[in-house]
Asker: 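Before we start, here is the structure in question, set down as structure tokens.
For this chain, numbers begin at 1 and follow the sequence in order. When reading the values below, keep in mind they use all heavy atoms of this one structure, side chains included, and skip hydrogens, waters and symmetry mates. Bear in mind that the values here come from a model prediction, so they are computed numbers and not experimental data.
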Amino acid sequence: MRSVYGVYMVPNWGDETFKFCITGSYGKDLFELLEKKSEPFVFIDIGANQGLYSLIAANNPSCAHVIALEPVKVTFDILERNIQLNRLAGRITALRWAISDRSGEACVLKAENHSGVARLSAPELDSTNLEPVDVHVFDDLARFMPEGHPVFVKI
């Protein structure tokens with residue numbers, strides 16, 4: 001299904017974030033910035049979710065590479081499917097990571113019908129909506145970045 005932002009996304013109507021992506025609820029500001037950027041850049045999408053902004057950036061010929069980080073397994077799987085759907089596998093590195101101030105393991109607290117509100121959480125919370133995830137520091141991304149380009153980060 002094609003979103004108003006011009007990228008294709010796997011239908012996921014049970015998720016509020018997907019509805020925002022398809023209908024244009026995020027507005028045009030970041031979309032236009034990524035679409036019209038004419039100087040070479042690397043795009044890092046922290047909390048990429050289903051990949052809307054990663055896909056938009058990767059479609060810009062000035063984008064040297066995209067690194068999309070999404071720690072939640074089910075959402076990461078949709079992100080990978082959206083990358084394939086848009087034929088952008090060579091332009092996007094998708095990592096099932098969370099970013100924090102220290103590396104290790106943590107838990108993500110997920111919401112039932114809104115993938116966009118997932119967040120790192122304390123593992124001692126008693127919740128069936130907790131998922132263990134790998135956590136890395138920002139510097140761990142350096143090995144995936146082509147050198148010599150400014151880095152644009154979306155959090």
Side-chain angles (χ1 to χ4, degrees), residues 1-37 41-60 63 65-138 140-141 144 151-155:
M1 162 165 265
R2 189 171 183 179
S3 78
V4 299
Y5 299 105
V7 296
Y8 293 93
M9 302 189 80
V10 174
N12 187 16
W13 288 107
D15 183 69
E16 290 301 312
T17 299
F18 170 77
K19 293 174 191 174
F20 292 165
C21 294
I22 290 298
T23 63
S25 296
Y26 289 119
K28 295 281 188 174
D29 293 340
L30 186 52
F31 164 71
E32 289 176 352
L33 183 63
L34 289 170
E35 183 183 55
K36 294 176 181 176
K37 196 158 178 49
F41 69 102
V42 172
F43 184 67
I44 299 176
D45 193 353
I46 298 175
N49 201 281
Q50 297 167 51
L52 175 67
Y53 292 113
S54 292
L55 300 170
I56 293 166
N59 275 316
N60 181 332
C63 184
H65 197 66
V66 173
I67 301 168
L69 299 127
E70 175 51 50
V72 177
K73 172 80 170 107
V74 68
T75 310
F76 180 81
D77 291 345
I78 294 169
L79 166 65
E80 286 192 312
R81 289 173 58 201
N82 285 335
I83 292 167
Q84 294 300 320
L85 183 63
N86 287 273
R87 297 186 172 121
L88 294 170
R91 297 187 48 77
I92 301 175
T93 298
L95 302 170
R96 193 172 160 239
W97 291 5
I99 294 291
S100 188
D101 60 344
R102 62 178 89 58
S103 296
E105 290 186 4
C107 289
V108 170
L109 182 60
K110 307 175 291 181
E112 272 302 306
N113 298 314
H114 201 323
S115 59
V117 298
R119 64 184 188 278
L120 286 179
S121 182
E124 48 288 339
L125 282 178
D126 184 24
S127 173
T128 57
N129 288 334
L130 285 178
E131 178 179 326
V133 297
D134 290 331
V135 179
H136 295 263
V137 295
F138 189 83
D140 290 346
L141 298 174
F144 302 102
V151 177
F152 184 129
V153 180
K154 186 235 48 151
I155 299 175

Asker: What are the two closest non-hydrogen atoms of Val137 and Ser103, and how far apart are they?
Answerer: N-OG, 3.5 Å

Asker: Do Cys63 and Lys37 touch side chain to side chain, with heavy atoms closer than 4.5 Å?
Answerer: no

Asker: Please give me the minimum heavy-atom distance between Asn82 and Gln50, naming the atom from each residue.
Answerer: ND2-O, 2.8 Å

Asker: Should we count CZ of Arg96 as having more than 12 external heavy atoms under 6.0 Å?
Answerer: yes

Asker: If you define the side chain from C-beta out and look only at heavy atoms, does anything of Phe144 sit under 4.5 Å from Ile44?
Answerer: no

Asker: I'd like to check Val133 versus Leu120 (side-chain heavy atoms, cut-off strictly below 4.5 Å). Are they in contact?
Answerer: yes

Asker: Any heavy-atom pair between the side chains of Phe43 and Ile56 that's under 4.5 Å?
Answerer: no

Asker: Once rounded to the nearest 0.5 Å, what's the spacing between atom CD of Glu70 and atom CG of Leu95?
Answerer: 11.5 Å

Asker: Taking all non-hydrogen atoms of both residues into account, name the closest pair between Glu35 and Asn60 and its distance.
Answerer: O-ND2, 3.4 Å

Asker: Checking Tyr8 now: which residues fulfil ring-ring contact (aromatic ring centres under 6.0 Å, His included) with it, not counting sequence neighbours?
Answerer: none

Asker: What is the minimum heavy-atom distance between Gly116 and Thr17, and which atoms define it?
Answerer: N-OG1, 2.9 Å

Asker: Can you establish whether the number of heavy atoms outside Asp101 located under 6.0 Å from its atom CG is more than 12?
Answerer: yes

Asker: Taking atom CD of Glu16 and atom OG of Ser25, what is their separation to the nearest 0.5 Å?
Answerer: 9.0 Å

Asker: From Leu55 CG over to Asp45 CG, what is the distance, rounded to the nearest 0.5 angstrom?
Answerer: 9.0 Å

Asker: Side chains of Leu33 and Phe152: does their closest heavy-atom pair fall under 4.5 Å?
Answerer: yes

Asker: Atom OG1 of Thr23 and atom CZ of Phe18: how far apart are they, to the nearest 0.5 Å?
Answerer: 9.5 Å

Asker: Minimum heavy-atom separation for Leu52 and Tyr26, please, with both atom names.
Answerer: CD2-CD1, 3.8 Å

Asker: For Asp140, check salt bridge (charged side-chain N to carboxylate O under 4.0 Å, His left out) against everything at least two apart and list the hits.
Answerer: none

Asker: Under the rule for side chain to side chain donor-acceptor pair (under 3.5 Å), what residues qualify as partners of Ser100, not counting sequence neighbours?
Answerer: none

Asker: For a 4.5 angstrom cut-off between non-hydrogen side-chain atoms, does Arg91 reach Val66?
Answerer: no

Asker: With rounding to the nearest 0.5 Å, note down the distance linking CG in Leu69 to CG in Leu79.
Answerer: 9.5 Å

Asker: Give the ring-plane orientation class for Phe20 versus His114, where under 30° counts as parallel, over 60° as perpendicular and anything between as tilted.
Answerer: perpendicular

Asker: Kindly compute the distance separating CD1 (Ile67) from CG (Leu141), expressed to the nearest 0.5 Å.
Answerer: 5.5 Å

Asker: Given Ser115, which of Asn12, Thr75, Asn49 fulfils the side chain to side chain donor-acceptor pair (under 3.5 Å) condition?
Answerer: Asn49

Asker: How far apart are the closest heavy atoms of Phe31 and Tyr53, and which atoms are they?
Answerer: N-CE2, 4.2 Å

Asker: With a 3.5 Å distance limit and no angle check, can you tell me whether Arg2 reaches the backbone of Val7 through a side-chain donor-acceptor pair?
Answerer: no

Asker: Would you please test Lys73 and Asp77 for salt bridge (Lys or Arg N to Asp or Glu O under 4.0 Å) and show each step?
Answerer: CA-CA 6 Å; Lys73 172 80 170 107; Asp77 291 345; 2.9 Å; yes

